[in-house]
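Comments concern the structure below.
Numbers restart at 1 for each chain; the letters A, B, ... are given by sequence-line order, proteins then strands.
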Amino acid sequence: MGYFDSLNAQQLAAVKCTEGASMVIAGAGSGKTRVLTYRIAWLIQNGCDPFHLLALTFTNKAAREMKSRIAEIIGDSDSRNVAMGTFHSVFAKILRFHADKIGYQKNFTIYDTQDSRSLIKSIITELGLDEKIYKPGLIQHRISGAKNNLISAVDYARDGDLLLADKMSSKPRLHEIYTLYDLRCFKASAMDFDDLLFKTNLLFDEHPQVLHFYQHKFRYILVDEYQDTNQSQYVIVKKLAAVHGNICVVGDDAQSIYSFRGANIQNILNFKHDYPEHFLFKLEQNYRSTRTIVNAANSVIAKNKDQIVKTVWTDNPTGNKIRVVRTLTDNEEGKHVANQIYEIKFNHQARSRDFAILYRTNAQSRSFEEALRKLNLPYRIYGGLSFYQRKEIKDLLAYFRLAANPHDEESLKRIVNYPKRGIGNSTIDKVIVAGNDFQVSPWEVISDQTAYPTDIAPSAKRKLSEFAAMIQSFSVQMEKSDAHELAQHIAKASGIMKELYEDKSPEGVARFENIQALLSGIKEFSETGEEGSTQFLSDFMVDIALLTDADDKKAEDQDTISLMTIHSSKGLEFPYVFVVGMEENLFPSQLALNSRAELEEERRLFYVALTRAEKLVSISYATSRYRWGNLIISEPSRFIDEVDPEFLEFEGQMRGGGGVALGALNKQARMGNATKSIFSSQQRTLKKINVSSQSTLNDPLVDIRVGNNVIHERFGKGKVVGLEGNPPVKATVFFPNAGNKQLLLKFAKLEILE
DNA sequence: CTTGCAATGACTGAT
DNA sequence: TCATTGCAAG
């Protein structure tokens, strides 16, 4: 039992308390994942069959990591059989198994956000509604919200309050869109993300014997990140745990950041009412971060009203203060962060993977990419457009999807005329209209044109038949041929390969390479199968819509700096963290200033950002940045002022007068803040930092000229042969001992010899 | 039906 | 800034 020695008393208690309901409130960095892994290992070692375990995580990556850690403790063969994954992927599997019971095909398609928005858009157009009023994105959000709260289209159309609310916001026909959307998804045998949970509930309600089966199969249920579950997920868990009552939820209300996705913080706050007999464990010792970081984060989260009381503390050393950096533009912010990383790497022999740059919105990544590339620092961007969402990949996948499930309307629309085969919009519209009239999928209209007559021109009809014949030939091979062979065949026969090969522009070449990458990924998949058995393309397609960028296994062991949104950094940790774009209207987001609840969620997001760091946090803001191509002036985020100033040190370029202190003072006056002034402490630190800050008048190096003789602490004497920037930031220096070196003046500590 | 250009709106967050 | 959409001409 030596494995368990590394746990502290609270952790061990939480691990061993397996019977009944328990809730683990786990502060940031308190070893939550350890508790989950050891708990599963403990259960199995004490005789629980892995088949009886269900562990629900927030990301596929978290599930994978947990599985491999459990395998290290108790061995691969046992850990493999635990049902572990995200809510979406676990229940997608169960739904495929029982699909016929709720009228779906086993190989139903999963619509991603793009697909479902596109379908909503066409329904709005078909109903003749104004897209300016019925904005597809907003409608999608409303439908999603309804599903997450288990309100079906029928319920919605009967709910007086909802109908009234829609009327008041001049969208009285929203419920019609919801109804039609549902119908079209059903006809296409497609489910969107929310359906995977909604239909699971439906399956359990309509088929008690299925529910009964899983209630007995899953005798122990664990839910990670419980604070971010929505109503639909909550009900699933509650149903499954109803028989045995062995449920363990783990979470931290202070890290609830997904309410926009329907997450309901009340789920964790109300656990004690649902399970009055529950055991409560609080993990409050942070093992991750320095004392400064832990206390700074605590000082921020203390401003929130809605929270479970807890005290996160640490035994770790105090560490450095949190740096606050002000720059004039977003590009300068990028350069500054890149330079800091360069410096820390050099001084502390850090690896690239020790660094993360965290921002509020995906669009902010650009200035950092550029700056890092200039310094030759390797990086990787997470989120944004994932590999599987790129146009060319989606195009080819649409062929695969259509071959697996020809009723998939979105895939059909996507590729029926790509590559160009003379089937234009008017033809497609006629097909869709006919499908609606005859109550069948568009596929049925084009594959059996005698049964579903239309007024489509004969030439177009012939082209449709040719297309249908091609898809049909792919379908036939779907469950016969090897995945890679078929994928290769489809890529060629569809004309996609030719289309992309002929495009010699840089983007075209990149697209062609992406297709190759997808095909070699499928090849790898083909080869993972058991000896002698064939891996089908349909198996590869299962749940591909549920994969994200973070699930790229190959990228995990590469040594790169991570760039991501704070949302996607949840659950991760890095020695050095840069929280950037700390500006009003950006973070907190302008769209989150309408209510206290929204602002508190932004504050929790800031808390999550700070607590990702082990050793050092640096936060920065720019006083101006480009947004949609025009320059906007911005003010520092209120959250900077909310950190107890004893944990901060300010650094900034004093060009442009006022400086940090003045800005903060103005803000304090504006907010009528009566707390102790942070002005004095900033004054103090400002003086100190001016000495070392770059490109101020005090800095002797603005006087550097080409031809100067200089001395460097490592390379010795040298001569300046080139300069970049005005004032100069980078110098090329020739050292007789070391040759030509590119040096950043800020870090090189060059001394000019008179 | 396709092509090419001008106009337009998007940027919270993501399974 | 960038990608998508609408419209006119071939």
Within the pair [X] and [N], is there a side-chain N or O less than 4.0 Å away from OP1 or OP2?
X       : N       : answer
R366(A) : dC2(C)  : yes
N417(A) : dC1(B)  : no
K121(A) : dT5(C)  : yes
T427(A) : dC1(B)  : yes
K420(A) : dT3(B)  : yes
S568(A) : dG13(B) : no
T59(A)  : dT15(B) : no
S89(A)  : dT15(B) : no
N230(A) : dT15(B) : no

Are [X] and [Y] close enough that a side-chain donor and a side-chain acceptor fall under 3.5 Å?
X       : Y       : result
K413(A) : S122(A) : yes
N514(A) : E392(A) : yes
T109(A) : N405(A) : yes

Please state how far atom [atom1] in [X] lies from atom [atom2] in [N], giving the value in whole angstrom units.
X       : N       : atom1 : atom2 : answer
Q389(A) : dA3(C)  : CD    : C1'   : 15 Å
Y359(A) : dG13(B) : OH    : P     : 10 Å
N264(A) : dT15(B) : CG    : P     : 20 Å
R627(A) : dG9(B)  : CZ    : C1'   : 14 Å
K61(A)  : dA14(B) : NZ    : C1'   : 15 Å
I381(A) : dA14(B) : CD1   : C1'   : 17 Å
R117(A) : dG13(B) : CZ    : P     : 12 Å

Check your understanding: For A592(A) and I423(A), take the nucleotide of DNA chain B holding the closest heavy atom to each; which residue's nucleotide lies nearer the 5' end?
Key -> I423(A)

Check your understanding: Closer to the 5' end of DNA chain B via nearest nucleotide, is it K132(A) or S259(A)?
Key -> K132(A)

Practice item. With K335(A) as the cation and F368(A) as the aromatic partner, state whether NZ or CZ is under 6.0 Å from the six-membered ring centre and within 45° of the axis. Key: no

Exercise for review: Would you classify N362(A) as touching base, sugar-phosphate or nothing, given that sugar-phosphate means primed atoms plus P, OP1 and OP2, and contacts are heavy atoms under 4.0 Å?
Suggested key: sugar-phosphate

Exercise for review: Classify the nucleic acid contact of Y258(A) as base, sugar-phosphate or nothing, counting any heavy atom under 4.0 Å across all strands shown.
Suggested key: sugar-phosphate

Review point. Mapping E131(A) and W628(A) to their closest nucleotides on DNA chain C, which lands nearer the 5' end?
Key: W628(A)

The side chain of [X] is closest to which nucleotide in this list: [options]?
X       : options                   : answer
F260(A) : dA14(B), dA10(B), dG9(B)  : dA14(B)
S426(A) : dA14(B), dC1(B), dC11(B)  : dC1(B)
K135(A) : dC11(B), dG13(B), dA10(B) : dA10(B)

Practice item. Quick one: do T327(A) and E333(A) satisfy side-chain hydrogen bond (donor to acceptor under 3.5 Å, both in side chains)? Show the steps, please. Key: CA-CA 6 Å; T327(A) 61; E333(A) 184 185 33; 5.3 Å; no

Point to revise | Working for salt bridge (Lys or Arg N to Asp or Glu O under 4.0 Å), residues E332(A) and R625(A) | key: CA-CA 10 Å; E332(A) 216 172 290; R625(A) 79 168 55 236; over 6 Å; no

